[in-house]
Engineer: 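Following this message is one structure expressed as structure tokens.
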Protein chains: 2
Amino acid sequence: MSHVSLRLGMLRAPKMPLMPASAGVRRRGAVRSEEARTAVLAATGRLFATEGYDHLTIEGIAAEAGVSKQTIYRWWPSKSAVVADALIEDRLLPDHPVVPDTGDIRADLIAWVQSVIELVAQPGYEGLVRSLIAAACENPDIGARLNDALGITATVATRIEAAVAAGQLPADLPVEEFVRALVGGFVLHALERTEPAPDVAERMVRALLH
Amino acid sequence: MSHVSLRLGMLRAPKMPLMPASAGVRRRGAVRSEEARTAVLAATGRLFATEGYDHLTIEGIAAEAGVSKQTIYRWWPSKSAVVADALIEDRLLPDHPVVPDTGDIRADLIAWVQSVIELVAQPGYEGLVRSLIAAACENPDIGARLNDALGITATVATRIEAAVAAGQLPADLPVEEFVRALVGGFVLHALERTEPAPDVAERMVRALLH
DNA sequence: CCGGTAATTCGCAACGGTCCGTCCAGTTAA
DNA sequence: TTAACTGGACGGACCGTTGCGAATTACCGG
């Protein structure tokens, strides 16, 4: 999914070296447990999917991960920071469909929108979208990286650009805004909790391509 | 703003009459204090604007309203229900700009988007949008009524329909989806917390009108 | 018409419960 | 020796509920 897996998980080092990072000086004492770190992120992903973002608690994550609460507080400043890291490490999201390329941009977009709708309509996925939105509301990092982590923008944008190159779409089309509008439509649907009409995919694409 | 002010505030009557609502049977005992009800909604609006949705607490609302906590729990089942009522009674939202109608749909939309951006960019308004989104995530009623309460959909839709009638836009344009895409773009901007580029209004409209 | 009673509101205050974020003690690993 | 780990305990915030006394309002018997 996200191919730009930035490596984080060190948002607040409890004792930053303060040294000018000169080579040769090595920290003394035990090193951070990678096992604990991955256990926390994996537990966060599990609980996020089952309970949803707002029922997520630090104590719950610690228990699920088999880790002391202090270990979480040592490395992450807040619940939302843990979620942000879990998001970056692709532990929150299932794979999403790619945009087909048959040469017909309209049909391809409709097919993609339709498959995304079907994906989100699966039981359990409905609240997941809202959980992501809620997390993004709370934490700027999550909001900023959500696009990258989802990979939707990149996926759709490349297909759009191909259509632009093929002359099917105007050369000066603001691709970023186009994708934002498309994804934003989904977000509003998730917020409104409206049952999507069967032809909503076709309508959404027709609203954007005319 | 919202002209469809449904009257609610009675979401869970503690003792429903159970009588077949036959006329003539009248309740005994003290009647609900309208003063307390409006004080709660007004306090909710104030705190919502200043603190944001997630820092809102029942106890805080009660204190701000000068009202007992039980009085709130007697009439509303949750924090989000209070917010939903406050939203319906127009206590949460400032007025929003209307779409001008100069005959040029493109220029009108750009002007409207620009003024909305400027409105939201005002200090204090930035978090308000995210607070509304967060509230909608939590409560289906809020999500369902947010569109009506904002009045944005209706405002923009009428202008779009006028452009369709004038032949500037295709007759089969799915207006609802079009507006949803436009508003959804704003929502994503609010979630991403990106500083909007100066020409973002023009780009957004160009992404939708081509 | 008057006064009692029942029903229902309100405010105040307390309760147990959950989760927060912090701290300390003891153990383990580099 | 130093730092990360576990486990436990702490005060505090807020939750949602409960009990109490006082006020308000309708019904009912004198």
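These values consider heavy atoms only, across backbone and side chains, with no hydrogens, waters or symmetry-generated copies. Protein chains get the first letters and strands the later ones, always in sequence-line order, with residue 1 at the start of each.
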Engineer: Go through residues 50-64 of chain B and report each residue with a non-hydrogen atom lying under 4.0 Å from DNA chain D, sorted by number.
Structural biologist: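 By residue number: Thr57(B), Ile58(B), Glu59(B).
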Engineer: Is there a donor and acceptor pair closer than 3.5 Å between the side chain of Lys69(B) and the base of dG11(C)?
Structural biologist: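 Counting by modelled atom types and ignoring angles, no donor-acceptor contact under 3.5 Å is found here.
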Engineer: Take the protein atom CD1 of Ile72(A) and the nucleotide atom P of dC5(D), then report the distance between them rounded to whole Å.
Structural biologist: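 One finds 11 Å between P of dC5(D) and CD1 of Ile72(A), rounded.
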Engineer: Would you list the pairs meeting ring pair (Phe, Tyr, Trp, His ring centres under 6.0 Å) in which at least one residue belongs to residues 107-136 of chain A, sequence neighbours left out?
Structural biologist: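 Checked against ring pair (Phe, Tyr, Trp, His ring centres under 6.0 Å) - neighbours excluded - no pair reaches residues 107-136 of chain A.
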Engineer: Ala111(B): which residues meet the side-chain contact (heavy atoms from CB on, under 4.5 Å) condition with it, sequence neighbours left out?
Structural biologist: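 Here the qualifying residues are Pro100(B).
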Engineer: Write out all pairs satisfying ring pair (Phe, Tyr, Trp, His ring centres under 6.0 Å) with one or both partners inside residues 37-68 of chain A, taking only residues at least two apart or from two chains.
Structural biologist: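 For residues 37-68 of chain A: none.
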Engineer: When you measure from the centre of the six-membered ring of Trp75(A), is the NZ or CZ of Arg32(A) closer than 6.0 Å and no more than 45° off the axis?
Structural biologist: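 The answer is yes, since Arg32(A) meets both limits relative to Trp75(A).
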Engineer: Rounded to whole angstroms, how far apart are CZ on Arg32(B) and C1' on dT8(C)?
Structural biologist: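 So the two atoms are 13 Å apart, to the nearest Å.
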Engineer: Picking from dC10(C), dC5(D), dC15(D), which would you name as closest to the side chain of Arg74(A)?
Structural biologist: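 Among the listed nucleotides, the one closest to the side chain of Arg74(A) is dC5(D).
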Engineer: Any Lys/Arg nitrogen of Arg206(B) or Glu177(A) sitting under 4.0 Å from an Asp/Glu carboxylate oxygen of the other?
Structural biologist: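 Salt bridge between Arg206(B) and Glu177(A), a charged N being under 4.0 Å from a carboxylate O: no.
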Engineer: Listed by chain and number, what are the side-chain hydrogen bond (donor to acceptor under 3.5 Å, both in side chains) partners of Thr71(B), not counting sequence neighbours?
Structural biologist: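 If we apply the side-chain hydrogen bond (donor to acceptor under 3.5 Å, both in side chains) test to Thr71(B), skipping adjacent residues, there are no hits.
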Engineer: What's the closest nucleotide to the side chain of Tyr73(A) if the choices are dC10(C), dT22(C), dT17(D)?
Structural biologist: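 Side chain of Tyr73(A) sits closest to dT22(C).
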Engineer: Name all residues meeting the side-chain contact (heavy atoms from CB on, under 4.5 Å) criterion together with Thr57(B); count only those two or more places apart in sequence or in a different chain, and write none if there are none.
Structural biologist: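 Residues passing side-chain contact (heavy atoms from CB on, under 4.5 Å) with Thr57(B): Glu59(B).
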Engineer: Measure from NZ on Lys79(B) to P on dA13(D) and round the result to the nearest Å.
Structural biologist: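 Computing the Lys79(B):NZ to dA13(D):P distance gives 17 Å.
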Engineer: Across nucleotides 23-30 of chain C, 5' to 3', mark each nucleotide with B, S or - according to how protein heavy atoms within less than 4.0 Å reach it.
Structural biologist: BB----BB
Engineer: Quick check on dG21(C): is either OP1 or OP2 less than 4.0 Å from any side-chain nitrogen or oxygen of Trp76(A)?
Structural biologist: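 Answer no for this pair, as no side-chain N or O of Trp76(A) is under 4.0 Å from OP1 or OP2.
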Engineer: So, using side-chain contact (heavy atoms from CB on, under 4.5 Å) as the criterion, who are the partners of Ala65(A) when residues are at least two apart?
Structural biologist: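 Expected list: Ala39(A), Val40(A), Ala43(A), Val67(A).
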Engineer: With salt bridge (Lys or Arg N to Asp or Glu O under 4.0 Å) as the rule and sequence neighbours excluded, what pairs involving residues 120-134 of chain A come up?
Structural biologist: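 Pairs touching residues 120-134 of chain A that pass the test: Glu126(A)-Arg130(A).
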Engineer: Within the structure shown, what part of the strands sits under 4.0 Å from Thr71(A) by heavy-atom distance: base, sugar-phosphate, or nothing?
Structural biologist: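 Counting heavy atoms under 4.0 Å across all strands, the contact made by Thr71(A) includes a base.
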